[in-house]
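Remember, it's a predicted structure, so these values are computed and weren't measured experimentally. Here is the naming used below: chain letters follow the sequence lines, and residue numbers restart at 1 for every chain.
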There are 4 protein chains.
Amino acid sequence: MQSNSFGKLFSITTFGESHGGGIGVVIDGCPAGLAIDEDFISKEMSRRKPGQSAITTQRKEEDKVQILSGVFEGVSLGTPIALFIENSDAQSKDYDYLKHSFRPSHADFTWQQKFGIRDYRGGGRSSARETAARVAAGAIAKLLLKHFGITVSAYVSQIGEVKLNANYKQVDFSAIENNIVRCPDENTANLMIDTIQQARSEGDTLGGIVSCVIQNTPAGIGEPVFDKLQAELAKAMLSINAVKGFEYGSGFAAAGMKGSQHNDAFISTEKGIETKTNFSGGIQGGISNGMDIYFNVAFKPVATIMQKQNSVDENGNAIELSNTGRHDPCVVPRAVPIVEAMAALVIADRILCSKVNKL
Amino acid sequence: MQSNSFGKLFSITTFGESHGGGIGVVIDGCPAGLAIDEDFISKEMSRRKPGQSAITTQRKEEDKVQILSGVFEGVSLGTPIALFIENSDAQSKDYDYLKHSFRPSHADFTWQQKFGIRDYRGGGRSSARETAARVAAGAIAKLLLKHFGITVSAYVSQIGEVKLNANYKQVDFSAIENNIVRCPDENTANLMIDTIQQARSEGDTLGGIVSCVIQNTPAGIGEPVFDKLQAELAKAMLSINAVKGFEYGSGFAAAGMKGSQHNDAFISTEKGIETKTNFSGGIQGGISNGMDIYFNVAFKPVATIMQKQNSVDENGNAIELSNTGRHDPCVVPRAVPIVEAMAALVIADRILCSKVNKL
Amino acid sequence: MQSNSFGKLFSITTFGESHGGGIGVVIDGCPAGLAIDEDFISKEMSRRKPGQSAITTQRKEEDKVQILSGVFEGVSLGTPIALFIENSDAQSKDYDYLKHSFRPSHADFTWQQKFGIRDYRGGGRSSARETAARVAAGAIAKLLLKHFGITVSAYVSQIGEVKLNANYKQVDFSAIENNIVRCPDENTANLMIDTIQQARSEGDTLGGIVSCVIQNTPAGIGEPVFDKLQAELAKAMLSINAVKGFEYGSGFAAAGMKGSQHNDAFISTEKGIETKTNFSGGIQGGISNGMDIYFNVAFKPVATIMQKQNSVDENGNAIELSNTGRHDPCVVPRAVPIVEAMAALVIADRILCSKVNKL
Amino acid sequence: MQSNSFGKLFSITTFGESHGGGIGVVIDGCPAGLAIDEDFISKEMSRRKPGQSAITTQRKEEDKVQILSGVFEGVSLGTPIALFIENSDAQSKDYDYLKHSFRPSHADFTWQQKFGIRDYRGGGRSSARETAARVAAGAIAKLLLKHFGITVSAYVSQIGEVKLNANYKQVDFSAIENNIVRCPDENTANLMIDTIQQARSEGDTLGGIVSCVIQNTPAGIGEPVFDKLQAELAKAMLSINAVKGFEYGSGFAAAGMKGSQHNDAFISTEKGIETKTNFSGGIQGGISNGMDIYFNVAFKPVATIMQKQNSVDENGNAIELSNTGRHDPCVVPRAVPIVEAMAALVIADRILCSKVNKL
């Protein structure tokens with residue numbers, strides 16, 4: 001079943017395996033006339049790429065994006081924009097021991113059950129390397145959003161047990177890239193880095209939370225019923241490897257609140273009609289109301305740990321696995337641009353969808 | 001933009017406004033040969049319908065489902081199954097005062113911004129009455145799942161500040177329907193009922209959490225990359241009115257865990273290959289692994305409260321609103337069959353999708 | 001596999017069997033703010049309905065369209081517009097003899113092979129009665145096109161061996177409804193009526209050709225590559241029961257032409273850039289060029305004849321079939337509004353699609 | 001609006017411009033476990049490639065297909081198969097004169113109107129070079145059909161005024177590749193070659209007809225209502241550059257026939273239930289009946305001629321155009337593998353779709 005496309009009008013299709021020729025994406029539906037800033041694409045890619053700092057995997061990929069089609073003299077043609085990223089540092093031999101074994105909490109077993117065949121090298125297509133294509137496509141989406149004045153800003157708000165004690169309104173988005181963990185508060189960032197380095201030394205991994213804020217979305221974006229804006233965002237986020245949860249606006253805390261506390265009173269301001277509070281997270285009835293859209297995304301600790309683990313082989317025989325591949329103790333900082341990319345893809349798609357609402 | 005369909009192969013399209021002629025759904029893609037049990041559909045409808053107990057809205061709807069097409073001599077034909085539910089107790093005059101006003105945390109404002117027109121009577125299509133069509137379609141999906149031996153069981157695990165202190169393995173699913181709040185623990189249920197009645201007396205509303213467990217899904221269901229099983233479930237749940245968050249398996253708690261704790265070791269059992277723990281929530285790499293699939297859905301308190309509230313009218317003038325419609329102090333017990341319906345629709349769809357994986 | 005929807009943005013889903021409760025359609029994607037003229041819908045329905053004249057089937061259906069949703073105070077809401085048409089004159093007992101038999105050139109055999117079950121009464125969903133829903137939806141599409149000044153005009157240009165010797169530019173569209181065969185030339189129309197009555201007296205049926213012209217489509221409508229405007233029109237037409245062929249512009253005659261004859265020179269006129277000739281049929285590279293779009297649709301003679309025919313039953317035993325149902329000697333005149341409806345649905349959809357081409 | 005994808009379950013997305021980096025396709029939905037024969041892909045590509053014989057364009061492209069993803073050790077993984085074909089002989093400078101001019105019966109004008117920008121070099125994405133990607137994808141589809149024993153055979157049945165006087169049952173499919181015009185009758189082929197060479201000498205171009213036969217499709221393939229098998233085939237064919245018409249089975253001739261002549265009587269044979277005649281073209285009610293599926297596709301003469309032509313520039317000023325690019329006097333022989341590819345894509349897709357018909 002085809003399942004490698006995302007978006008209705010700004011639609012992307014990704015392809016590629018972790019240890020094949022490369023990773024790519026075809027964007028079908030980008031409007032004609034958009035200036036395609038290749039430097040910006042590169043910058044986005046470098047925020048996701050492996051080996052970018054002391055706290056990530058040692059795999060080194062340049063992740064240079066080739067534009068195969070759809071751009072002419074620096075401007076989008078309205079035709080499919082195909083982007084391709086070669087795999088350069090794919091050490092496939094590292095994975096021979098996985099040919100007949102299932103790693104705990106990886107996709108080896110389920111993939112084998114589903115397809116009867118798998119590219120066992122580095123997880124093949126189930127590898128998070130696939131998200132490189134998302135970031136590339138997300139960069140184009142961000143360029144489209146920029147045209148409309150919309151910004152998407154994500155940051156790390158929790159790593160393991162270290163939490164950022166600040167809501168998004170207290171955060172300085174310009175400080176996000178100031179440290180390698182992408183937490184806008186320096187003290188918290190340092191604690192996060194410490195806890196990651198501790199996990200690395202134990203051969204262990206850590207989960208965390210990425211928070212994301214979308215600003216300047218006009219009111220009226222998003223569709224009612226099944227394709228509510230929050231539903232699209234939830235799907236987008238849960239489609240990212242290792243994500244376990246999504247909440248927007250008041251989120252899970254809403255379960256413990258009363259209507260009289262939670263309702264956002266409408267008020268008139270110099271900008272027009274706004275809400276006094278924003279427990280709604282900028283979305284009411286599935287449609288943006290013009291306020292900030294914000295949400296949290298929970299990541300589990302990645303499954304590849306540098307410790308011996310019990311598992312089984314294809315025949316169900318008990319085995320002991322020792323990872324000999326590369327180790328990323330915490331992917332959450334690198335997930336920041338991925339969350340932004342998926343959010344940008346959702347909003348870009350929904351901006352286009354909103355062009356056909358009314359006569 | 002069309003946004004009233006859900007599902008790729010077992011696909012539904014809903015229609016209808018709260019105070020129009022009725023609510024309906026067309027199911028396109030139900031395989032031929034399925035026995036359609038009308039009594040079962042009725043039973044499901046009665047679990048969602050208003051006025052079912054002392055703690056729900058007083059609106060009385062019989063919610064009788066008419067089968068307009070697709071069923072011949074009690075069996076599905078493989079053609080679209082159209083289901084229709086008349087609106088009988090629609091008191092439209094109650095809503096005249098909303099013609100030019102925006103209720104806080106309702107969809108009145110965003111709808112007006114998007115479409116430039118709205119059926120202001122009871123929220124029109126943004127009303128949760130639309131979910132009646134989902135429950136009707138979900139009943140057909142459940143009949144399909146039954147054919148494969150798969151069950152879907154949801155229950156209330158939190159109302160306001162009252163929480164069920166038990167995980168899903170400690171819960172007796174057969175006790176869910178024993179009380180009007182649909183919490184399988186009697187003591188907790190009674191506390192929940194008390195807190196709802198307290199909220200009603202204050203003219204206020206409460207949020208809560210619905211937990212859901214899907215059992216006997218074979219390994220291999222769900223697709224990689226964008227249409228991961230958890231991504232489809234997340235979208236399905238976030239498309240339900242008032243939902244603010246979704247988490248599956250370890251959920252948000254995973255953010256604070258280590259890989260060595262969180263990884264689910266594979267073991268061989270008499271059933272085949274299983275996992276020792278199930279932090280994965282039955283899904284790995286977006287594909288079911290045969291273990292129980294479980295997730296939580298957070299609901300905000302509904303926005304219609306029986307208290308005076310500040311708001312604005314269409315021209316931005318400050319107004320004071322007093323609700324004169326009917327009052328549902330807590331929709332969470334009635335959301336249980338809705339969560340089940342959407343979960344069943346996802347799994348039914350994905351079961352069909354899995355028929356084309358391999359040669 | 002779901003296959004009852006048509007259109008990407010102005011999307012319809014039809015449902016219903018010939019002898020079930022009725023026939024319906026859900027239109028998802030009609031923009032908000034469109035005045036819905038119910039009289040116009042009725043008028044369109046009466047052009048398709050059975051029993052409208054001496055040369056059609058005797059089945060009598062009032063074909064009154066009920067609007068179940070999506071319209072409020074006469075205006076589209078932007079929500080799904082559900083339309084329903086009851087089956088009133090369904091004489092199901094006429095069809096008992098077909099329970100285990102396959103009529104030649106009907107869908108009985110293929111349906112049984114595909115689904116393992118069928119509603120044998122009047123062909124069930126394979127009946128042309130399904131097109132009532134298309135005409136109803138097409139009426140809404142025509143109202144949308146009217147808003148843009150676009151017109152769709154179809155007429156009968158051939159019945160059996162009687163052909164209209166005139167191209168579309170020589171035709172007076174206002175004369176189409178002047179006779180029961182919908183041929184705009186009176187003499188030819190009379191010959192067509194004669195040939196149909198002759199066929200009826202022989203218990204036989206006749207095929208024919210419907211020609212269609214779409215005027216005032218602005219340049220730039222339609223998409224390149226797979227969804228070319230002519231590809232969408234071809235699919236739309238070939239999805240109509242009994243259609244065997246489609247050609248647009250120069251059509252099959254183009255195969256015998258030279259490029260120097262066939263090329264349409266661009267010229268400047270007071271309207272802007274036009275073409276001197278129009279072999280292109282108003283479409284170049286899949287996109288409208290502003291000239292008239294015109295095409296022909298070939299219909300086979302309907303399979304239900306009042307003569308004895310050889311066939312087989314479900315077990316392959318030879319049988320002799322005598323039709324005892326009602327007889328429509330030539331459906332081509334009634335196909336005129338169906339061709340128009342499908343054309344209108346394609347253009348309405350593509351008008352919306354064209355709103356997202358460029359920044 | 002995205003429009004570069006084709007197929008519901010065996011779904012392809014093509015990309016690339018005539019004079020950009022190359023042309024490619026992503027196939028999403030090919031089942032896992034299919035042996036991918038690269039030699040077969042190459043053979044198919046060479047049937048379409050320019051410069052293959054004395055009667056085609058002089059553009060020389062090797063059209064070597066690179067497999068970027070989705071194939072592991074020669075077998076499909078069930079993941080997207082991305083194929084890429086570099087543009088090597090793209091002489092872009094030839095096209096500078098078109099920067100501000102519109103060629104008659106090309107897509108220059110409509111593209112400019114739609115997108116406000118175009119890659120004028122060789123037609124950009126509107127070039128038939130895009131069909132290289134279709135042939136590559138079609139080769140994979142053919143490998144899938146081979147697995148089910150289904151064959152697709154197309155041949156040239158008309159070039160200009162030279163017609164093959166034989167129906168498909170009289171044709172020896174093994175003789176199709178015996179001559180450069182791909183007409184299975186040698187005498188007719190020689191006449192066709194003569195007429196093409198005559199046209200070339202005049203700087204003119206010729207149209208023609210490609211006939212196609214699909215054999216061994218099991219009964220039950222194809223869907224009712226909108227996605228009828230003939231509707232999908234019609235769309236597929238009309239999406240090919242230069243196609244003006246499609247007819248299947250009895251086609252346009254059916255318009256002049258009577259029901260008593262046209263009906264295909266069912267008979268029992270050693271193979272099971274078959275029809276005595278096959279005016280139905282192997283499809284009844286949109287679903288295959290197990291008999292041969294056959295259809296004709298009409299091509300116009302290509303628009304690029306080596307004669308002076310009148311046209312206008314972007315400002316509407318009259319200009320005279322002389323083509324200085326390369327010249328293909330008749331593309332019909334090269335269209336044979338394109339027609340086969342699109343037919344194979346339709347059947348492959350519908351074979352998968354038919355897996356979910358019944359319980």
**Study point:** Heavy-atom pair with the smallest gap, counting every atom of B:Glu314 and A:Ile273
**Key:** O-CD1, 4.3 Å
Review point. Any side-chain heavy atom of B:Ser260 sitting closer than 4.5 Å to one from A:Ile305?
Key: yes
Check your understanding: With chain A, which of B:Cys330, B:Gly222, B:Ala242, B:Ala253 has the greatest number of heavy-atom pairs at distances under 4.5 Å?
Key -> B:Gly222
Review point. Is the NZ atom of A:Lys355 crowded by more than 12 outside heavy atoms at less than 6.0 Å?
Key: yes
**Study point:** Heavy-atom pairs under 4.5 Å with chain B, option from A:Phe299, A:Phe6, A:Phe102 with the top count
**Key:** A:Phe6
**Study point:** Heavy-atom proximity to chain A below 4.5 Å, by part of B:Lys358
**Key:** side chain
Review point. Of the backbone (N, CA, C, O) and the side chain (C-beta and beyond), which part of B:Ser5 lies under 4.5 Å from a heavy atom of chain A, both, or neither?
Key: backbone
Revision key, fill the gap. Closest heavy-atom pair, B:Phe226 versus A:Met342, reported as atoms and distance to 0.1 Å, is CE2-CE, 3.8 Å
Practice item. Name the option with the most non-hydrogen atom pairs under 4.5 Å to chain A; the candidates are B:Ala234, B:Gly286, B:Gly123. Key: B:Ala234
**Study point:** Greatest number of heavy atom pairs closer than 4.5 Å to chain B - which of A:Gln309, A:Met257, A:His106
**Key:** A:Met257
Review point. Are side-chain heavy atoms of B:Glu232 and A:Lys235 found at a separation under 4.5 Å?
Key: yes
Check your understanding: In terms of heavy-atom pairs under 4.5 Å with chain B, which of A:Ala318, A:Ala255, A:Gly220 leads?
Key -> A:Ala255
Review point. In terms of heavy-atom proximity below 4.5 Å to chain B, should A:Lys163 be classed as side chain, backbone, both, or neither?
Key: neither
Check your understanding: Side chain, backbone, both or neither: which part of A:Leu206 has a heavy atom under 4.5 Å from chain B?
Key -> both
Review point. Which bit of A:Asn296 comes within less than 4.5 Å of chain B, counting heavy atoms only: side chain, backbone, both or neither?
Key: both
**Study point:** Most chain B-contacting option - heavy-atom pairs closer than 4.5 Å, from A:Ala107, A:Gly160, A:Gly285
**Key:** A:Gly160
Review point. Side-chain contact, heavy-atom cut-off 4.5 Å: B:Glu247 with A:Phe252?
Key: yes
Point to revise | Spatial distance of atom CD (B:Gln230) from atom CD1 (A:Ile240) [nearest 0.5 Å] | key: 11.0 Å
Review point. So which of A:Gln307, A:Glu223, A:Gln2 has the biggest tally of heavy-atom pairs under 4.5 Å with chain B?
Key: A:Glu223
Study note, to complete from the structure: When the 4.5 angstrom heavy-atom criterion is applied to B:Ser126 and chain A, the contacting part is neither
Review point. Nearest 0.5 Å, what's the CD-OG distance between A:Gln113 and B:Ser354?
Key: 12.0 Å
Practice item. Could you grab the distance from atom OG of B:Ser3 to atom CG of A:Asp227, nearest 0.5 Å is fine? Key: 5.0 Å
**Study point:** Residue among A:Gly245, A:Gly116, A:Ser239 with most heavy-atom pairs under 4.5 Å to chain B
**Key:** A:Ser239
Study note, to complete from the structure: Bottom line for A:Val302: the part with an atom under 4.5 Å from chain B's heavy atoms is backbone
Check your understanding: A:Arg134 versus chain B, heavy atoms under 4.5 Å apart: side chain, backbone, both or neither?
Key -> side chain
Review point. How far apart are the closest heavy atoms of A:Ser268 and B:Asn317, and which atoms are they?
Key: OG-N, 4.5 Å
Exercise for review: Identify which part of A:Val243 has an atom lying under 4.5 Å from any heavy atom of chain B, answering side chain, backbone, both or neither.
Suggested key: backbone
Point to revise | Which portion of A:Ala303 sits near chain B, non-hydrogen atoms under 4.5 angstrom | key: both
**Study point:** For A:Trp111 against B:Ile287, the heavy-atom pair lying closest together
**Key:** CE3-CD1, 4.0 Å
Review point. By a 4.5 Å heavy-atom criterion (distance strictly below it), what part of B:Asp313 contacts chain A: side chain, backbone, both, or neither?
Key: backbone
Exercise for review: With the side chain counted from C-beta on, respond yes when B:Lys228 and A:Leu238 share a heavy-atom pair under 4.5 Å apart, and no when they do not.
Suggested key: no
Review point. Out of B:Glu161, B:Glu130, B:Met237, which one racks up the most heavy-atom pairs below 4.5 Å with chain A?
Key: B:Glu130
**Study point:** Portion of A:Ile319 that has a non-hydrogen atom of chain B nearer than 4.5 angstrom
**Key:** neither
Point to revise | Region of A:Lys244 that comes under 4.5 Å of a non-hydrogen atom in chain B | key: both
Review point. How about B:His262 and A:Lys300: do any of their side-chain heavy atoms sit closer than 4.5 Å?
Key: yes
**Study point:** Heavy-atom pair with the smallest gap, counting every atom of B:Arg103 and A:Phe266
**Key:** O-CE1, 3.4 Å
Exercise for review: Would you please name every residue forming a side-chain hydrogen bond (donor to acceptor under 3.5 Å, both in side chains) with B:Gln261, sequence neighbours left out?
Suggested key: none
Practice item. Tell me, for B:Asp204 versus chain A, whether the close heavy atoms (under 4.5 Å) come from the side chain, the backbone, both or neither. Key: side chain
Point to revise | Segment of B:Lys8 engaging chain A (4.5 angstrom heavy-atom cut-off) | key: side chain
Practice item. Establish, from distance only, whether the side-chain atoms of B:Asn289 and A:Thr110 form a donor-acceptor pair under 3.5 Å. Key: no
Study note, to complete from the structure: Okay, B:Ser288 and chain A: the region with an atom under 4.5 Å from a heavy atom over there is backbone
Review point. For the candidates B:Gln112, B:Gln158, B:Lys276, B:Arg350, which exhibits the highest count of non-hydrogen atom pairs separated by less than 4.5 Å from chain A?
Key: B:Gln158
**Study point:** Partners meeting ring pair (Phe, Tyr, Trp, His ring centres under 6.0 Å) with B:Phe246 (sequence neighbours left out)
**Key:** B:Phe295
Exercise for review: Identify which of B:Ser280, B:Ala265, B:Pro224 forms the greatest number of heavy-atom pairs closer than 4.5 Å to chain A.
Suggested key: B:Pro224
Practice item. Indicate the atoms forming the closest heavy-atom contact of A:Met1 with B:Asn357, along with that distance. Key: N-OD1, 4.2 Å
Check your understanding: When only pairs under 4.5 Å are counted, which of B:Gly207, B:Ala254, B:Pro301 shares the most heavy-atom pairs with chain A?
Key -> B:Pro301
Point to revise | Exercise: do A:Thr205 and B:Lys258 side chains pair donor with acceptor under 3.5 Å | key: no
